[in-house]
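Below you'll find the structure, written out as structure tokens, and then a few comments.
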2 protein chains.
Amino acid sequence: MTYTIKQVAEKTHLSIYTLRFYDKQGLLPFVSRDQSGYRAFTDGDLLLLHTLSCLKDTGMKISDIRQYMTLVMQGPSSIPQRQQLLRTHRDAVLAQQRAIARNLQEVDRKLSLYDSPMATDLVGLELAAARKEKTANGLPDPFSKLR
Amino acid sequence: MTYTIKQVAEKTHLSIYTLRFYDKQGLLPFVSRDQSGYRAFTDGDLLLLHTLSCLKDTGMKISDIRQYMTLVMQGPSSIPQRQQLLRTHRDAVLAQQRAIARNLQEVDRKLSLYDSPMATDLVGLELAAARKEKTANGLPDPFSKLR
DNA sequence: GGTTGCCCTAGAGCATGGTCTAGGGTTTAT
DNA sequence: ATAAACCCTAGACCATGCTCTAGGGCAACC
């Protein structure tokens, strides 16, 4: 049993356009064509496509995914290189996750400030200070433009 | 004391180009100009720029950052809208983080497969099955192209 | 055998987020 | 008063990752 590109698009929630784009980019070297030149996806192909989606959804670049898929095509001998590629990616993703968590703390601080009962006063004070800082430096006050 | 765009670029690790780009995009409505038309950043501006960086680094779109900064310019009265914007963003970021963690598990599974002492055999078996699946469906075997 | 619905490729177009160039003014030091 | 080192804008250009159009083939049904 094989699947047409349309069926795969439905299964994977990728668009037909995206699947063809990935193929054009060399991300699907494992997909065979039938006698009409149509792509014929096997169940095994869907597994590889799932791996591809995981890599893509964790932010791996297309060029790196292509490299990984090329290694996959080369069989077991490329396992060391695959490990290296995936480990590097994994480390980058974890670092990125930590960076985002750190930056999100700042957002949380803003949110708790806005949640405080004195939020209006505190924000008002900050604004007054910012305006004062401008005029103290002989600068126009940008806060009085649209108010 | 104010800072030139170059000094701010050094402090923030954003390029001068990026700072001007952000200004052009309406992300820096709080930055005043001196008499020569030069941007003059105050310390208060740097705080807002830091907030901006946190939003950007957590993946907020420029259009949403612009909206947030516009609300900031409007003073304390916009606090409810700011809360809504930040909360929506926060939730989206957390959901994204969870999705990435989930997809990264798949990468981890691959890595532990590759780490297994039987990795070569297991990967070889998978490959053999994939090839068999192709030929069983009357398809060319894509794995025998570059080997 | 014609209509419908799917498939294909090549290549144009688009959204996002920068990055850089050209042309020109300002400030500082010599 | 001129060079060096800044600053400015407008707009071109670029990389990434799609998304869509044009033009054409294949397959199934009526």
Side-chain angles (χ1 to χ4, degrees), chain A residues 2-29 31-42 45 49 52-69 89 92 96 100 103 137-140 142, chain B residues 2-29 31-42 45 49 52-69 89 92 96 100 103 137-140 142:
Chain A
T2 64
Y3 308 93
T4 67
I5 197 170
K6 191 186 189 196
Q7 290 169 323
V8 173
E10 279 157 7
K11 270 183 197 286
T12 60
H13 307 295
L14 296 171
S15 76
I16 290 182
Y17 295 142
T18 300
L19 286 168
R20 287 207 267 246
F21 170 70
Y22 286 168
D23 198 3
K24 223 189 286 192
Q25 294 301 308
L27 270 42
L28 313 179
V31 175
S32 291
R33 303 300 185 104
D34 68 14
Q35 267 142 353
S36 305
Y38 293 6
R39 290 171 189 87
F41 292 78
T42 62
D45 293 347
L49 207 40
L52 190 160
S53 286
C54 290
L55 295 178
K56 186 203 63 160
D57 291 346
T58 50
M60 188 183 275
K61 285 181 160 196
I62 282 182
S63 56
D64 286 346
I65 298 177
R66 175 169 47 234
Q67 203 187 338
Y68 180 74
M69 290 303 167
H89 176 60
Q96 178 68 7
I100 289 176
N103 285 302
N137 283 292
L139 298 170
Chain B
T2 64
Y3 307 93
T4 67
I5 196 170
K6 192 186 188 197
Q7 289 169 325
V8 173
E10 278 156 9
K11 270 181 198 286
T12 61
H13 307 292
L14 297 171
S15 75
I16 291 182
Y17 295 142
T18 300
L19 286 168
R20 287 207 268 246
F21 171 70
Y22 286 169
D23 197 4
K24 222 189 289 193
Q25 294 300 308
L27 269 41
L28 313 179
V31 175
S32 291
R33 304 300 184 102
D34 69 14
Q35 267 141 352
S36 305
Y38 292 7
R39 291 170 187 88
F41 293 77
T42 61
D45 293 348
L49 207 40
L52 191 160
S53 285
C54 290
L55 296 177
K56 186 202 63 162
D57 290 346
T58 51
M60 187 183 276
K61 284 180 161 195
I62 282 181
S63 56
D64 286 346
I65 299 177
R66 175 169 45 235
Q67 203 187 336
Y68 180 74
M69 290 303 167
H89 176 59
Q96 178 68 8
I100 289 176
N103 284 301
N137 283 291
L139 298 171

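What you see below is based on every heavy atom in this structure, not just the backbone, and it leaves out hydrogens, waters and symmetry mates. Small disclaimer: the values here were computed from a predicted structure and weren't measured. Residue numbers start from 1 in every chain, and the chains themselves are labelled A, B, ... in the order their sequence lines are given, proteins ahead of strands.
Atoms NZ (B:K56) and C1' (C:dG18) sit 10 Å apart, rounded to a whole Å. Atom CG in B:D34 sits roughly 8 Å away from atom P in D:dC8 (whole-Å rounding). Remark: C1' of C:dC8 and CG of A:L19 are 14 Å apart, rounded to the nearest angstrom. If you take CZ of B:R39 and P of C:dT27, they are 16 Å apart, rounded to a whole angstrom. If you measure from atom CD1 of B:I16 to atom C1' of D:dC6, you get 9 Å, rounded to the nearest angstrom. Summarising the geometry, the separation between CD1 on A:I62 and C1' on D:dT16 is reported as 7 Å, rounded to the nearest angstrom. If you measure from atom CD of A:Q35 to atom P of D:dA27, you get 9 Å, rounded to the nearest angstrom. Between the CD atom of B:E10 and the C1' atom of D:dC6 there is a distance of 12 Å, given to the nearest Å.
For B:T18 and C:dT19, the shortest distance from a side-chain N or O to OP1 or OP2 is below 4.0 Å. Under 4.0 angstrom from either OP1 or OP2 of D:dA27 there lies no side-chain N or O belonging to A:Y38. Side-chain nitrogen and oxygen atoms of A:Y22 include at least one within less than 4.0 Å of the OP1 or OP2 phosphate oxygen of D:dC18. A sub-4.0 Å separation between OP1 or OP2 of D:dC18 and a side-chain N or O of A:S15 is absent. Contact between the side-chain N/O atoms of B:R66 and the OP1/OP2 oxygens of C:dT16 is not found at any separation under 4.0 Å. Taking only side-chain nitrogens and oxygens, A:T4 comes nearer than 4.0 Å to OP1 or OP2 of C:dC7. At the phosphate of D:dG25, neither OP1 nor OP2 sits under 4.0 Å from any side-chain N or O atom of A:S36.
Side-chain contact between B:Y38 and B:T2 is absent, with no heavy-atom pair separated by less than 4.5 Å. Within the 4.5 Å cutoff, side-chain heavy atoms of A:L14 are placed close to those of A:K56.
Taking the nucleotide of DNA chain D with the nearest heavy atom to each of B:R33 and B:K6, the more 5' of the two is matched to B:K6. Comparing A:Q7 and B:F21 against DNA chain C, the residue whose closest nucleotide sits nearer the 5' end is A:Q7.
Nucleic acid contact for B:K24: base, since at least one base atom lies under 4.0 Å from a heavy atom of the residue. When heavy atoms are screened at a 4.0 angstrom cut-off, A:R20 is found touching base atoms of the nucleic acid.
For A:D23 and A:R33, the salt-bridge test passes: some basic side-chain N is under 4.0 Å from an acidic carboxylate O.
Residues B:L49 and B:F41 come closest through the heavy atom pair CD2-CE2, 4.2 Å. The heavy-atom pair separating A:T42 from B:N137 by the smallest distance is CG2-ND2, 4.5 Å.
Interface remark: the B:Y17 side chain does not form any donor-acceptor pair with the C:dG17 base, using a distance-only criterion of under 3.5 Å.
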